[in-house]
Amino acid sequence: MEHVPPPDRAAEPDGFVVVVEPGDRIHFLDWGGGAGPGEDGPGILLIHGLSNTAWSWSPVARRVPPSRHVVAMDLRGHGLSDAPTDGYDAAIFAGDVLAVVEGSGLLTAADDRVVLAGHGFGAIVAAWAAAEMGERCAGLVLVDGGWESIEAASGMEVDEFLRGLDEPPEVMRSMTAYLADREAFDPTTWDADQERAARATVVETHAGKVVPSTRPHALEGSVRAMFRYDPLETLAEVTAPVDALVAGHDESGERAAALAAASAARAHAGRSRIQAASFDRVGHNLMRYRPDAVSAAILSIAGETGR
């Protein structure tokens, strides 16, 4: 943990887009770093979870040393990326990631490599991309997601899961109510970054209410892709080392069993086993609640702190 720098509160990213076929724009935030003689090892791409945006990664991006080039992307249908009516499947999501790592300059030279870190659904997208990238992926960090079958873990069918994503009307009645709800998750970690991240997930209407910024068809397409994810098959294809960060108390042991099964599948395929760390009684958004630990895991797998 001592190797993680304190957060650079003055750092601000630049926003860019890359265009993928057939003309869809994928937005990303470039936090800089990694340029010049002080550059040290692979760059880092951060991928947010369902109904979130690249801003959710701010607490981590601020803690990465300047020797690392850090980029956080908006998944298609989320944030400032385009929301086409189709294209929400594993191959397209992985292609979007590849377009961002190339368009941002994370991968330019033939020997460049990149660490992928994803949160929740973003961990699934990161796993798809890592499997596609092969040796060009230096490491994969799964932040509270990516090792489980969503259908098995949730005990729901996809349509039931989708119905459960609706926010209570009282939370969406105004921006003030929405922000107050998000702050109440954990007032001690609420700050300007968390407020900006929260604001990016909704749009304020003329009537003063807020609605999700993720378009309904994009949310549905993303969830259906998430339910088709096979963690044993995908993670066995990832040649890079994999770390997993587990949030919450696993009283039933089902999450640990799923993680052990994914690790065994990798071992059976001749890959390294998954290294895991658990954070009991901590919420899903580990970037907010444990940014130092998330940053340390990413830097460790990138070679910053050693293995």
[X] versus [Y]: any side-chain heavy-atom pair under 4.5 Å?
| X | Y | value |
| --- | --- | --- |
| Y289 | P59 | no |
| V242 | L142 | yes |
| L235 | W147 | yes |
| E183 | D191 | no |
| V143 | V294 | yes |
| V71 | L29 | no |
| H27 | V18 | no |
| V246 | F279 | no |

Could you report the tightest heavy-atom contact between [X] and [Y], atom names first, then the distance?
| X | Y | answer |
| --- | --- | --- |
| D14 | F16 | CB-CE1, 3.5 Å |
| L245 | A293 | CD1-O, 4.4 Å |
| P231 | S149 | CG-N, 3.7 Å |
| D243 | I274 | C-CG2, 4.3 Å |
| I301 | P241 | CD1-O, 3.3 Å |
| A256 | D250 | N-OD2, 2.8 Å |

Please say yes or no: joined through hydrophobic side-chain contacts below 4.5 Å, possibly via intermediate residues, are [X] and [Y] part of one cluster?
| X | Y | value |
| --- | --- | --- |
| V17 | M73 | no |
| V238 | L232 | no |
| F121 | L98 | yes |
| W57 | L80 | no |
| L219 | I92 | no |

Open item on the list: Check this for me, if you would: do R62 and D8 make a salt bridge, where the nitrogen-to-carboxylate-oxygen distance has to be below 4.0 angstrom?
Closed with: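 Result for this pair is no, no salt bridge flagged.
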Task: Salt bridge present between R25 and D74 (N-O < 4.0 angstrom) - done: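 A salt bridge is absent here (no side-chain N lies under 4.0 Å from a carboxylate O).
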Quick check for you: to the nearest 0.5 Å, what is the distance between [X] atom [atom1] and [Y] atom [atom2]?
| X | Y | atom1 | atom2 | answer |
| --- | --- | --- | --- | --- |
| R273 | H268 | CZ | NE2 | 11.5 Å |
| S295 | R290 | OG | CZ | 13.0 Å |
| L165 | L50 | CG | CG | 6.0 Å |
| E148 | M226 | CD | CE | 11.0 Å |
| S81 | D24 | OG | CG | 9.5 Å |

- [ ] Step through it carefully: locate the ring centre of F93, locate the ring centre of Y229, and say whether they are under 6.0 Å apart.
- [x]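 Ring centres of Y229 and F93 not closer than 6.0 Å.
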Ignoring hydrogens and geometry, is there a side-chain-to-backbone donor-acceptor pair from [X] to [Y] under 3.5 Å?
| X | Y | result |
| --- | --- | --- |
| S300 | A296 | no |
| T201 | N52 | no |
| H48 | L75 | yes |
| R68 | P42 | yes |
| S56 | A197 | no |
| T234 | D230 | yes |

- [ ] Show your reasoning for whether side-chain contact (heavy atoms from CB on, under 4.5 Å) applies to I298 and V60.
- [x] CA-CA 9 Å; I298 293 170; V60 171; 3.9 Å; yes
Is the number of heavy atoms from other residues, nucleotides or ligands within 6.0 Å of [atom1] ([X]) greater than 12?
| X | atom1 | value |
| --- | --- | --- |
| E254 | CD | no |
| R271 | CZ | yes |
| E170 | CD | yes |

Members other than [X] in its cluster, when Ile, Leu, Val, Met, Phe, Trp, Tyr link by side-chain heavy atoms under 4.5 Å?
| X | result |
| --- | --- |
| V202 | V171, M172, M175, Y178, L179, W190, V210 |
| V203 | V211 |
| V19 | none |

Run the side-chain donor-acceptor check on residues 280-288: report pairs under 3.5 Å with partners two or more places apart or on a different chain.
from: D280; atom 1: OD1; to: H249; atom 2: ND1; distance (Å): 3.0
from: H284; atom 1: ND1; to: D144; atom 2: OD2; distance (Å): 2.6
from: H284; atom 1: NE2; to: H119; atom 2: NE2; distance (Å): 3.3
from: N285; atom 1: OD1; to: M287; atom 2: N; distance (Å): 3.4
from: N285; atom 1: OD1; to: R288; atom 2: N; distance (Å): 3.3
from: R288; atom 1: NE; to: T189; atom 2: OG1; distance (Å): 2.8
from: R288; atom 1: NH1; to: R182; atom 2: O; distance (Å): 3.0
from: R288; atom 1: NH2; to: R182; atom 2: O; distance (Å): 3.3
from: R288; atom 1: NH2; to: D186; atom 2: O; distance (Å): 3.0

Open item on the list: Working note: R224 + E151, criterion salt bridge (Lys or Arg N to Asp or Glu O under 4.0 Å); need CA distance, chi angles, decisive distance, verdict.
Closed with: CA-CA 10 Å; R224 292 191 182 280; E151 185 170 11; over 6 Å; no
Side-chain polar contacts of residues 122-140 - donor-acceptor pairs under 3.5 angstrom, sequence neighbours left out - could you list them?
from: R136; atom 1: NE; to: D112; atom 2: O; distance (Å): 3.3
from: R136; atom 1: NH2; to: A109; atom 2: O; distance (Å): 2.6
from: R136; atom 1: NH2; to: D112; atom 2: O; distance (Å): 3.3

Task: Partner residues of R266 under the side-chain hydrogen bond (donor to acceptor under 3.5 Å, both in side chains) criterion, sequence neighbours left out - done: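 Expected list: S272.
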Open item on the list: For D30 and H69, which I'm curious about, is there any donor-acceptor pair between the side chains at under 3.5 Å?
Closed with: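 Per modelled atom types, D30 and H69 side chains form a pair under 3.5 Å.
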TODO: Dump the intermediate steps for side-chain contact (heavy atoms from CB on, under 4.5 Å) on S222 and H78, then the final yes or no.
DONE: CA-CA 10 Å; S222 299; H78 294 71; 3.6 Å; yes
Task: Residues L45, V115; criterion side-chain contact (heavy atoms from CB on, under 4.5 Å); working and verdict - done: CA-CA 6 Å; L45 178 66; V115 170; over 6 Å; no
TODO: Please report the C-alpha distance between H217 and Y88 in whole Å, then the side-chain angles of each, then the deciding distance to 0.1 Å, and finally whether the side-chain contact (heavy atoms from CB on, under 4.5 Å) criterion is met.
DONE: CA-CA 10 Å; H217 70 271; Y88 299 92; 4.0 Å; yes
TODO: Test R76 against every option in D86, D82, D89, D96 by the salt bridge (Lys or Arg N to Asp or Glu O under 4.0 Å) rule and name the one that passes.
DONE: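 The passing option is D96.
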